[in-house]
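If you read the sequence from its start, that first residue is 1, and numbering goes on from there.
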Amino acid sequence: MSDPYETTEQHLERLLRCALNSFDLSDTTVDRLGTALAHSSSLYSSHHSAALHHETYRHTYLLSDGTALTLWELVHGGGRGTPETSVRHELYDDEGDARVAAARLAGSFWDSASAPGDDSLREDLEVLTLLMSVPPAPVPRMYAQDDSADHARRVLRRAENGDRPGPATAGRLRAAFAHHITQIFGRQFHVDGRDAGFTLYEHAFLLLDGTETSLWEVEHTATPDGRHMCEVYDDEQSARRAMENRTRIC
């Protein structure tokens with residue numbers, strides 16, 4: 001993951017060099033990273049099996065202006081024993097974007113797992129189904145001050161549903177200074193003759209006036225071409241109703 005003897009400058013240079021999508025980072029993000037004084041890296045999540053592995057790392061940088069900036073690194077390959085040369089690295093400056101990338105990676109795995117005769121893939125499919133069917137234990141909100149207003153903007157920007165929150169919600173979220181993300185639900189359903197994954201997230205925001213508000217994000221692959229799609233709602237009931245409509249569950 002990281003060499004403890006690397007300087008912050010060397011660490012950043014290595015990350016940017018290895019990432020396949022480093023050119024997608026905005027000029028503003030790259031310029032801010034150029035002022036990094038120190039960094040801390042940690043493993044955020046992982047899945048390892050015979051046919052698939054992926055890990056997400058959180059890299060947080062202390063900048064010269066006293067603020068912090070976080071990069072999310074997605075590392076993935078073909079499974080145990082995969083040569084180092086075939087391992088892929090991707091970088092994102094938003095946690096939600098990193099989750100979307102991981103979901104797309106998992107989606108391609110689900111498609112390949114449906115091929116006949118590959119027992120190892122089917123075993124992994126069963127394991128992933130079990131993991132996604134068990135809701136996570138509730139955890140207390142630990143608000144993080146990490147460009148929360150921009151995080152809210154990005155969540156709203158990737159929403160594709162026509163009834164997504166409007167300008168009033170977007171305007172209110174400009175006052176967000178801290179946020180917390182919780183996975184509420186995750187499961188696979190059989191939709192239109194194939195498996196489709198559904199995940200529900202709550203993005204809770206703490207506003208400057210001391211109040212709290214949330215966005216409810218549904219990520220799913222119940223689309224005609226099986227691609228990954230994000231929908232965002234103002235309340236949990238609307239988000240769950242949207243999932244029921246997508247899965248045709250009464």
Side-chain angles (χ1 to χ4, degrees), residues 1-109 142-158 176-181 183 201 203 217 219 227-228 230:
M1 177 185 71
S2 178
D3 183 344
Y5 300 105
E6 274 186 323
T7 65
T8 297
E9 183 180 4
Q10 290 170 334
H11 173 78
L12 266 172
E13 182 182 355
R14 179 174 58 81
L15 278 185
L16 294 172
R17 184 178 65 251
C18 291
L20 298 174
N21 64 332
S22 58
F23 55 85
D24 286 334
L25 295 175
S26 68
D27 291 340
T28 300
T29 294
V30 174
D31 289 344
R32 293 183 67 203
L33 286 169
T35 71
L37 303 174
H39 71 280
S40 174
S41 299
S42 60
L43 178 64
Y44 184 73
S45 65
S46 67
H47 168 79
H48 290 267
S49 67
L52 172 74
H53 89 256
H54 64 81
E55 302 164 337
T56 302
Y57 295 94
R58 175 174 177 158
H59 305 284
T60 302
Y61 301 90
L62 176 64
L63 308 183
S64 60
D65 61 2
T67 62
L69 190 153
T70 297
L71 289 182
W72 302 86
E73 181 188 16
L74 179 63
V75 181
H76 56 91
R80 287 190 288 267
T82 299
E84 182 66 27
T85 54
S86 66
V87 174
R88 300 291 182 260
H89 299 253
E90 300 174 27
L91 276 182
Y92 300 90
D93 57 5
D94 180 78
E95 181 182 358
D97 291 341
R99 285 193 288 101
V100 169
R104 286 173 178 157
L105 173 64
S108 64
F109 166 75
M142 300 292 291
Y143 282 109
Q145 299 184 40
D146 190 10
D147 293 330
S148 299
D150 188 59
H151 174 76
R153 181 184 62 81
R154 293 187 187 211
V155 172
L156 292 172
R157 183 184 64 190
R158 62 176 174 260
F177 72 93
H179 67 279
H180 176 81
I181 305 171
Q183 180 178 325
Y201 295 94
H203 300 260
E217 181 183 17
E219 296 182 355
R227 72 176 181 85
H228 190 270
C230 293

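- Around atom CG of D65, more than 12 heavy atoms belonging to other residues, nucleotides or ligands sit under 6.0 Å away.
- E90 has its side chain out of reach of D97: every pair of non-hydrogen atoms, C-beta onward, lies at least 4.5 Å apart.
- None of T35, L62, T29 except one satisfies the side chain to side chain contact (heavy atoms under 4.5 Å, CB included) rule with L69; the exception is T29.
- Taken to the nearest 0.5 Å, the NE2 atom of H39 stands 12.0 Å off from the CD atom of E9.
- Under 4.0 Å is where a charged nitrogen must lie from a carboxylate oxygen, and between D94 and R157 no such pair does.
- Ring geometry, H11 versus Y61: the interplanar angle falls from 30° to 60°, so the pair is classed tilted.
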Does the salt bridge (charged side-chain N to carboxylate O under 4.0 Å, His left out) test come out yes or no for R154 and D147, once each step is laid out? CA-CA 11 Å; R154 293 187 187 211; D147 293 330; over 6 Å; no
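- Residues L37 and T8 are not in side-chain contact: their nearest non-hydrogen atoms beyond the backbone lie 4.5 Å or more apart.
- Here H89 contributes atom NE2 and L15 contributes atom CG; the two are 9.0 Å apart, rounded to the nearest 0.5 Å.
- Note that NE2 of H180 is 11.0 Å distant from NE2 of H203, once rounded to the nearest 0.5 Å.
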Do R158 and E217 pass the side chain to side chain contact (heavy atoms under 4.5 Å, CB included) test, and can you show the C-alpha distance, the side-chain angles, and the key distance before you say yes or no? CA-CA 10 Å; R158 62 176 174 260; E217 181 183 17; 2.9 Å; yes
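- In this structure, NE2 on H151 lies 3.5 Å from CD1 on I181, to the nearest 0.5 angstrom.
- In terms of heavy atoms, L12 sits closest to A36 at CD1-CB, 4.1 Å.
- Applying side chain to side chain contact (heavy atoms under 4.5 Å, CB included) to W72 and the options D93, L91, T56 leaves one that passes, T56.
- Here the side chain of S148 pairs no donor or acceptor atom with the backbone of A176 at under 3.5 angstrom.
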What verdict does the side chain to side chain contact (heavy atoms under 4.5 Å, CB included) test give for N21 and Y92, after you've listed the backbone C-alpha separation in whole Å, the side-chain angles of each residue and the deciding distance to 0.1 Å? CA-CA 8 Å; N21 64 332; Y92 300 90; 3.5 Å; yes
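- Counting only heavy atoms from C-beta outward, the side chains of R153 and L156 never approach each other to under 4.5 Å.
- Looking at H59 and E73, their side chains come closer than 4.5 Å, going by heavy atoms from C-beta outward.
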